[in-house]
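Note sheet for the following structure.
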Amino acid sequence: MPRSHSMPDISARLAHSNRANPCYMFLMSSNPNRLSISQMAAPRPPAAKGDAPYLDGLNPEQRDAVMTTEGPLLVLAGAGTGKTRVLTARLAHIIGSRLAWPSQTLTVTFTNKAAREMRERALRLIGDAGEGLRWLGTFHSISAQILRQHAELVGLKSSFTILDTDDQVRLCKQIIVAENIDPKRWTPRYLAGLIDGWKNRALTPDRVPADEAFNFGDGKGIKCYEIYQARLKVLNACDFGDLLIHNITIFQQNPDLLKDFQSKFRYILVDEYQDTNVAQYLWLRLLAQGSQNICCVGDDDQSIYGWRGAEVDNILRFEKDFPGAKVIRLERNYRSTKHILAAASSVIAHNRGRLGKTLYVGDDNAIENVDAAKVKVRGLWDGEAESRLIADDIESWVRSGGKHDECAVLVRASWQMRAFEERFILLGIPYRVIGGPRFFERAEIRDAMAYLRLIRSPDDDLAFERVVNQPKRGVGNTTLAKLQAYARADGRSLFVLTPMVLQTDEIKGAAKRGLTQFIDQISMWRDRLANGMPHTELAEVILEESGYTDMLQKDRSPQAQTRLDNLKELVRAMGEFDTLPGFLEHVELVMDASTGGADEDQVQILTLHGAKGLEWPVVFLPGWEEEVFPSKRSLDESGLKGLEEERRLAYVGITRARERAYISFVANRQIYGRWQSVMPSRFVDELPHENVEVVSETGYSGMPGGDDAFTGSIEDLGERSNYQSPGWKRLKENSAKYRSTGAPRDASDLTATSGGPEAFRKGQRVFHDKFGYGRVAFSEGNKLTVDFEKSGRKKVIATFVTLA
DNA sequence: TATGATAGCTTTTTT
DNA sequence: AGCTATCATA
């Protein structure tokens, strides 16, 4: 491959950009991280001819993507084609061959995790040279940095706070109430979503199309948005969307400043470009207009975040948006067997409007492919049979020398996890649920954070409202409403105004005492911090003196102890930061507590969304049924667009597997507590016959049979299981229940419908909501096989039919 | 103001 | 089914 690839003439480019950007000189002298003129003029060591360590083992396309540094470049990287590797090698190349200093590169990712990984891998490639990669981060953390520097340009103080989703919704609720809108018909959550959606599209209130006002409160949508923004300004706060929007506003209104940034960022790298929304796209385009050196890496087939504003169009339109763009396709897959790739390709081929890539097996794993297993597709009776089968498969995988952490169960929605948790607990299979409510989203953590926020910024009304009566101080809604009315009239914050209201007789009794104590305590804690009390100690003091700890200790509910533990963990996490503001800033943006224990040998259970970017030797894909996957809601809300996104999700799911993929669907499933007959997902029929092995298990398509095997009892619950997971807790509770009433005879008692169905007999005429009339062919416990007049033979649950 | 009952809703997830 | 948010009641 192109060893002869010539290095672009950088000195000429630099000279040119100096001329083109008059403010560049100024920037250089003002910014310590910038190259001095002499540094820029200094001769560089000749670039090594393709021997750089970061080029080792790259295939020709990957190499091309790394070496094509100048001009816009789109790298279409299919699943498992070494995307992250290319991105980090490219960064290493740019820095290692002195095309730019680390501080002159901008690398954006979507998640903190991806940013962390990228930084680590880049540093591994280039060592100390990579230090100073301070513009490597998420869209939000980078735009927050920029906004802190220039907050005054959009009317904020640089100390602005960043609201989380919870705060946003509460703010929306206040606006709805103030505007006399019926909060049942128009929910706060919906308004928050609407505003988020507008911000994703980079629409400030003045730019929202007029008719969209009617999306909320009979035409009050835009007005609510305006009020919301005004409130944020008063609170000196931003929501996540604002970070980007304010950046864009600043860039657009201050061309000189924009030019500074354009020349500052000589090379821009973007990960997961298919997930960008309009605001992110505009932000990138503004920044890239200087150097034009923007490299976006993505895969249109893995765009699965349309529901939160991602525009697949961004990637589809790249060549138009950035004229002269080069496109490189990475299609050699180094991850999966040919059957797995064929299955994934066959499904995704049903989507229209793709950029089109065909994955093929990279050379390295071709040999193993000779006896590679086909993708297994299995239909089962119900969710319980499905989890039982998957658990059995995992056990035999482990018995034959495999490990638990080589297996993953990928579900469409988190409610589907439960069946697997229960089964794994029963069998003592170690597992871990990935995702779910995060540490900093827990109520007790938010409460503690609100105390700290209020100490940092007295004007943080949302924090005030959150904890003024937490623990109970006799300050109820009535009192709070009074205070809010005063604050609204006066224009100052609750914390400032409350002492003044307390001077009057407006508030009496318990409320008055509670408020006085609250204000006094907050002031006192703030003084202690000012007088040098370490912030971790302060946090402990607050939890103790506010009565928060007491409240939890008195709480007899099972979660109370976990909550106390979480608070301890919070204090510990604070210790990793030198100052309180530093800690709060981190939490607002990162919302992530490094939780250990990833190195244990556990089966992973996670959603398909959560699985993107990960891989396992063995992947289970349960629940491939219409209305579950593709999800009914997705189809209802977004039609064909929604369906195609679901299909991409299927593609993501299949391509997570290295060696074995097991797809399954059931005939009957309990959804929202109701039994439903379900049809196999259309995606099942989009799989290629040649690469798939259809295993007909008892229950779905075959004859009724004894597929109930007794495998264990509740009493066997081992110490090995993950005692923190929701499933474990539930089962422990169930187990207590069963002990008093008699233990279940077999595992199926755990999930089977109670309330004995009438005994159906062969030959009886029955009626079923979905299939209509039919006659019972077999009857086995609560499972019936019925010959329906219109839809033929089906297996259904007895409680699901009535005698006709 | 605090508490218990009930009505309603339910994907996916980051920042 | 299970959670939460809101409402009626003490």
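Order of the sequence lines fixes the chain letters, A, B, ..., with proteins taken first and strands second; residue numbering starts at 1 for each chain.
Checked by atom type, the side-chain pair Q302(A)/E272(A) shows no donor-acceptor distance below 3.5 Å. No side-chain donor from either of N314(A) and Y273(A) sits under 3.5 Å from a side-chain acceptor of the other. Residues Y228(A) and D239(A) bring a donor and an acceptor atom of their side chains to less than 3.5 Å of each other.
A salt bridge does not link E627(A) with R633(A): none of the charged nitrogens is closer than 4.0 Å to a carboxylate oxygen.
Per the geometry, CG belonging to N200(A) stands 11 Å off C1' belonging to dT15(B), to the nearest Å. In this structure, CG of D166(A) is placed 17 Å from P of dT15(B), rounded to the nearest angstrom. Rounded to whole Å, atom C1' of dT15(B) lies 10 Å from atom CZ of F110(A). With rounding to whole Å, H140(A) atom NE2 is found 5 Å from dT15(B) atom C1'. Remark: C1' of dT15(B) and CZ of F160(A) are 13 Å apart, rounded to the nearest angstrom. The interatomic distance linking Q670(A) (CD) with dG2(C) (P) rounds to 9 Å, in whole Å.
R418(A) has a side-chain polar atom (N or O) that falls below the 4.0 Å cut-off from OP1 or OP2 of dG2(C). Between K113(A) and the phosphate of dT15(B), there is no side-chain N or O to OP1/OP2 separation shorter than 4.0 Å.
Note on ring orientation: taking the six-membered ring where Trp is involved, the planes of F251(A) and W283(A) are tilted (angle from 30° to 60°). The aromatic rings of F629(A) and W624(A) stand perpendicular to each other, their planes meeting at an angle above 60°, with 30° marking the opposite boundary.
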Nucleotide-resolved protein contact map, nucleotides 8-13 of chain B, B/S/- at heavy-atom distance under 4.0 Å: --BBBB
Reading 5' to 3' through nucleotides 1-6 of chain B, protein heavy-atom contacts under 4.0 Å coded B for base, S for sugar-phosphate only, - for none: SSS---
Audit row: Y431(A), E421(A), side-chain hydrogen bond (donor to acceptor under 3.5 Å, both in side chains) steps and yes/no: CA-CA 8 Å; Y431(A) 72 90; E421(A) 284 199 61; 2.6 Å; yes
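K199(A) comes within 4.0 angstrom of no nucleic acid atom, judged by non-hydrogen atoms across all strands.
A cation-pi arrangement is present between R148(A) and F160(A), with the terminal nitrogen or guanidinium carbon under 6.0 Å from the aromatic centre and inside a 45° cone about the axis.
Every salt bridge (charged side-chain N to carboxylate O under 4.0 Å, His left out) that R201(A) has, sequence neighbours left out, goes to E212(A).
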